[in-house]
There are 2 protein chains.
Amino acid sequence: MTDHHDDPVRSITDLAKIAGVSVSTVSRALTSKGALNKDTRRRIQELAARHGFRINVAAQNLRLGRTGAVAVLLPLGHERGQHLSDPFFMAMLGFLADELAERGYDLLLSRVLPDGEDWLDSFIRAGRTDGVIIIGQSNQSAVLDRTASHYQPLVIWGAYGARNQYLTVGTDNMAGGALAATHLLARGRRSLAFFGNVSVPEFAARYQGFLSALPADARDRVELVHAHVTPEASYRAATDYFAAGHRPDGIFAASDVTAMGVIAAAAEQDMRVPEQLSVIGFDDVPLAQMSNPPLTTVRQDIRRGAALLVELLCRRLAGETAQSVQFAPELVIRESS
Amino acid sequence: MTDHHDDPVRSITDLAKIAGVSVSTVSRALTSKGALNKDTRRRIQELAARHGFRINVAAQNLRLGRTGAVAVLLPLGHERGQHLSDPFFMAMLGFLADELAERGYDLLLSRVLPDGEDWLDSFIRAGRTDGVIIIGQSNQSAVLDRTASHYQPLVIWGAYGARNQYLTVGTDNMAGGALAATHLLARGRRSLAFFGNVSVPEFAARYQGFLSALPADARDRVELVHAHVTPEASYRAATDYFAAGHRPDGIFAASDVTAMGVIAAAAEQDMRVPEQLSVIGFDDVPLAQMSNPPLTTVRQDIRRGAALLVELLCRRLAGETAQSVQFAPELVIRESS
DNA sequence: CTGTTAGCGCATTCAG
DNA sequence: CTGAATGCGCTAACAG
């Protein structure tokens, strides 16, 4: 309990006054830095607690030449207003919040609608954060490359590209796509379709990996169906696709959310999953195992991804070197295939 | 394009130097405040653009005695690490980000594990943000009341309570519960169960509203099943419940996520939804209509909620008065009931 | 061990 | 219309 009556204590100056010491002493006492008599330190800390005083973080940071915050940017290159509904990104955000908090950083959340090529540099120059984590490179690869060349504390969640200069953490999407292909083949599926927006590099890689693991005859017949990553859009895309008379026996969806949309559309057409149609998703979001039927999917380890993003960022912040990391996805077989 | 070669321009002081004017002139030019010759203003703005200079927001805010940021706090009173997986909160977060951005505020995201009764005051005193939005009061009603008594810019998403002093925006959960009850009755269901964690005020209100709209005989037989708001926990709770031999014909789940867990568990027990068992959720998250069968649910208008939260907060920030708002939920009938 | 002093980058009086 | 000076709240030399 704090009981701050009398004079309000709004700054270390106020506190110094009533403690009868100098501001620097108060500063030292409260930051536990610098040499200071044990008793004075404790006395001042108690006084601060009694008056409910806490150091003003903004001023502290200005003085220290830092902000104490890291930005998490969600570029909505083509899916305006949609990304945040994706459970995968949300789970990622949660883990990032935890990881950053553990290292004493605030998390500044911002959705950005990339306009032109200056949005990122412009954001950085405003000096609101010490570093930037970008979730999904969207179609902004060129912008990222340019910024990364002169700004170190920048990490991107997304597909690794050998040509990219920027630091990425992500799943090996090609391998994930191959996993999906192999699985559908093992299920005897040959008439296949891929649902997703291949202008997003991550999804493009999944598609490529998928194709690459298919024998030529099956590969040539794969149909590419454009679908955005929202449940509604995926559902609509699938409905249109089925309505046009297509009857594949295996579908690889670029994300679990898309897979659920596809299954919902299939159910309406009385196509039985998995009897007539095998569906496999990507991500393994928490709801994947609750969906009906439980979703076969390619799992990405989100928690690990978040931890890695923060770790690499902190290395860069400390002036150390850091390298892109790509980890292997894992096939999770449930009942939709 | 910016081409910043030669001397780096890091502060208005630098810019003033190369512009041959004083810092105050630069300040006036860049903030578009104060009287200033039109030409000098334009000249300096162009110079700034050319050198890729942007005002340091942190310093500006310190000087202005503000932070330019609003905190969005997710108290995890009992569901450690889980809330952020709830699509409802996530959608809310997305809309909040947009609304705040529109008004020029950054969004500082933080999950808090309420410990003791000082976590909120302590956070506020750190002065990191100009205002606080709390998503879900969890079991922290007392803390919120105490803080609200001396801190104005604080708005809570959650159940309205006549006894609470703090400002809330939320759905009329009682009415929502009643909607669910009426609907299940109309479906001829009489053997009912409620799934949720009633130590959360919002869920408690849904439960109370549910009971209140039931005839005495049905009400007396309602079973209350404790379930946390994650898919896994809900699934487990339902599995255990069915395994214990319970066979209700109608279930009202405190959230859509819980409803999906219940349906998944029911499917495993070969209980057909909706033939043998009607299930109704709460929220109407995007995935609700993609679930199998599509979920009957009580809809909350998240977007409107977010807009209102921000609006009330801004009023409080401007020193104006603001009152709690509660809006009516809407029954969305699909195929799970 | 503690106090004095000088800024961090900016906005805003007050003069001119 | 513009410049000089002051300080937002804090930390870090540098003295003592």
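Letters A, B, ... mirror the listed sequences (proteins, then strands); counts begin at 1.
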For this session: Round to the nearest Å and state the distance from Arg63(B) atom CZ to dC10(D) atom P.
Result: 16 Å
Exercise. Between the side chains of Ser22(B) and Thr25(B), is a donor N or O closer than 3.5 angstrom to an acceptor N or O?
Worked result: yes
Problem set entry | Rounded distance in Å - CD1 (Ile55(B)) to C1' (dC8(D)) | 15 Å
For this session: Please state how far atom CZ in Arg43(B) lies from atom P in dC1(D), giving the value in whole angstrom units.
Result: 15 Å
Problem set entry | Contact under 4.0 Å: Ser11(A) side-chain N or O vs dG9(D) OP1/OP2 | no
Seminar exercise, completed: When rounded to whole Å, the CG to P distance for the pair Leu36(A) and dT11(D) reads 13 Å
Problem set entry | Gln140(B) versus Glu117(B), side-chain donor and acceptor atoms under 3.5 Å | no
For this session: Verify the contact: side-chain N or O of Lys38(A) to OP1 or OP2 of dC1(C), cut-off strictly under 4.0 Å; return yes or no.
Result: no
Exercise. Rounding to a whole Å, what distance do you find between Gln60(A):CD and dG7(C):C1'?
Worked result: 16 Å
Exercise. For the side chain of Asn164(A) and the backbone of Tyr166(A), is there at least one donor-acceptor N/O pair under 3.5 Å apart?
Worked result: no
Problem set entry | Rounded to 10 degrees, the angle between the two terminal axes of the helix from dC1(C)-dG16(D) to dG16(C)-dC1(D), each from five pairs | 40°
Exercise. When all nucleic acid strands are considered with a 4.0 Å heavy-atom cut-off, which category describes Leu62(A): base, sugar-phosphate, or nothing?
Worked result: base
For this session: Assign each of Arg28(B) and Arg28(A) to its nearest nucleotide of DNA chain D by heavy atoms, then name whichever residue's nucleotide is nearer the 5' end.
Result: Arg28(B)
Exercise. To the nearest angstrom, how far is Asn61(B) atom CG from dC10(D) atom C1'?
Worked result: 16 Å
Problem set entry | Nearest-angstrom distance from the residue atom CG of Leu15(B) to P of dG9(C) | 14 Å
Exercise. At under 4.0 Å between heavy atoms, what does Ser24(B) touch on the DNA or RNA strands: base, sugar-phosphate, or nothing?
Worked result: base
Problem set entry | Separation of dT11(D) P from Leu30(A) CG (nearest whole Å) | 8 Å
Seminar exercise, completed: The residue, Val23(A) or Leu64(B), whose nearest nucleotide of DNA chain D is more 5′ is Leu64(B)
For this session: Pick base, sugar-phosphate or nothing for Thr25(B), based on heavy-atom distances below 4.0 Å to the nucleic acid.
Result: sugar-phosphate
Seminar exercise, completed: Tyr160(B) meets the side chain to side chain donor-acceptor pair (under 3.5 Å) criterion, sequence neighbours left out, with none
Distance-only check: which donor-acceptor pairs under 3.5 Å involve side-chain atoms of residues 101-109 of chain A, not counting sequence neighbours?
| residue | atom | partner | partner atom | Å |
| --- | --- | --- | --- | --- |
| Asp106(A) | OD2 | Arg128(B) | NE | 3.4 |

Exercise. Looking for any heavy atom pair under 4.0 Å, which part of the strands does Ile12(A) touch: base, sugar-phosphate only, or nothing?
Worked result: base
Exercise. For Gly136(B), does its backbone N or O pair with a side-chain atom of Glu202(B) as donor and acceptor, under 3.5 Å?
Worked result: no
For this session: Examine the side chains of Asp121(A) and Thr147(A) and answer whether a donor and an acceptor come within less than 3.5 Å of each other.
Result: yes
Exercise. Reckon Thr40(B) has a side-chain N or O less than 4.0 Å from the OP1 or OP2 of dT2(D)?
Worked result: yes
